[in-house]
Amino acid sequence: MIGYTDAVLQSAAVHRIGNPVREEPLLLSNGLLELSDAELKRLLQQYCLAPLNKLHEQYHFQDIAENPLYDLAAEIFSEPEQLLENSRRMAEHLYQLTDHPAVKEGELYVVLFDQLLVNGEETQALGIFKSETKEPFLTLTRREQHFTLGYEPDGINLQKLDKGCLILNRNASDGYRLLVLDHSNRTVAQFWTDRFLKAMVLQD
């Protein structure tokens, strides 16, 4: 059980991951996300963490001596100011692994949380999330007594996180503790968990 409403979102970066098989580019951000708006920050936190609240099975990183994600997460936990640079390296790693035409392009979010409650215990956590599904959204603008209807063609549905991994800063020597979410179809179901994260279910 995750208690995320009082968690602190420390910093976040986002990058665009195309599919090299379809000659789609990798677009890396040169700066952290600007999150001065409290409501925007709250919505991003809800989008990232609410779907993971339903997960009970925990994972851990495999082959930690040769797992890039493990090393990058450890660096971010020890030096949070390096989040942007290490998130860029995560994005490059994911792009290099994307060698199947069925893998969708999307945005990769790397988010550092503090004071996150997991089963009643406070912890630091690093989230890696990928948004692939875009939907049109209607917008309604009011000026005095007149309303104008518009739309956003490529909006993100806050209820539909496509892929996610929350790395809890616990049990580092055993590959940390992870919560993993993947709504991919069967064709690429193992790409996120097995190839990118190289994570396996924790045997309790």
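Atoms considered below: every heavy atom in the structure, side chains included; atoms not considered: hydrogens, waters and symmetry mates.
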Problem set entry | Qualifying residues under side chain to side chain donor-acceptor pair (under 3.5 Å), relative to Asp162, sequence neighbours excluded | Thr133

Exercise. For the atom pair OH (Tyr95) and CD (Glu24), what is the distance rounded to the nearest 0.5 Å?
Worked result: 8.0 Å

For this session: Determine, using ring centers only, whether Phe196 and Phe191 are less than 6.0 Å apart.
Result: no

Exercise. Which atom pair, heavy atoms only, marks the closest approach of Leu126 to Met90?
Worked result: CD2-CE, 3.9 Å

Exercise. How close do Leu161 and Lys130 get, heavy atom to heavy atom, and via which atoms?
Worked result: CD1-O, 4.4 Å

Problem set entry | Validation row: Phe129, Val111 side chains within 4.5 angstrom (heavy atoms) | yes

For this session: Establish, from distance only, whether the side-chain atoms of Glu34 and Ser36 form a donor-acceptor pair under 3.5 Å.
Result: yes

Exercise. Below 4.5 Å, heavy atoms only, C-beta onward: do Leu168 and Gln124 meet side chain to side chain?
Worked result: no

Exercise. Are the side chains of Leu116 and Leu49 in touch, meaning some heavy atoms are under 4.5 Å apart?
Worked result: yes

Problem set entry | Shortest non-hydrogen contact from Leu83 toward Ala12 | CD2-C, 4.1 Å

Exercise. Taking all non-hydrogen atoms of both residues, which atom of Arg170 and which atom of Val118 are closest, and how far apart?
Worked result: NH2-O, 3.3 Å

Exercise. Taking all atoms of both residues into account, what is the closest heavy-atom pair of Glu66 and Pro68, and its distance?
Worked result: O-CD, 3.5 Å

Exercise. Between the side chains of Asn30 and Arg88, does any donor sit under 3.5 Å from an acceptor?
Worked result: yes

For this session: Mind listing the closest non-hydrogen atom pair of Ile64 and Phe61 along with its distance?
Result: CG2-O, 3.7 Å

Exercise. Rounded to the nearest 0.5 Å, how far apart are CD1 of Ile128 and CG of Leu166?
Worked result: 9.5 Å

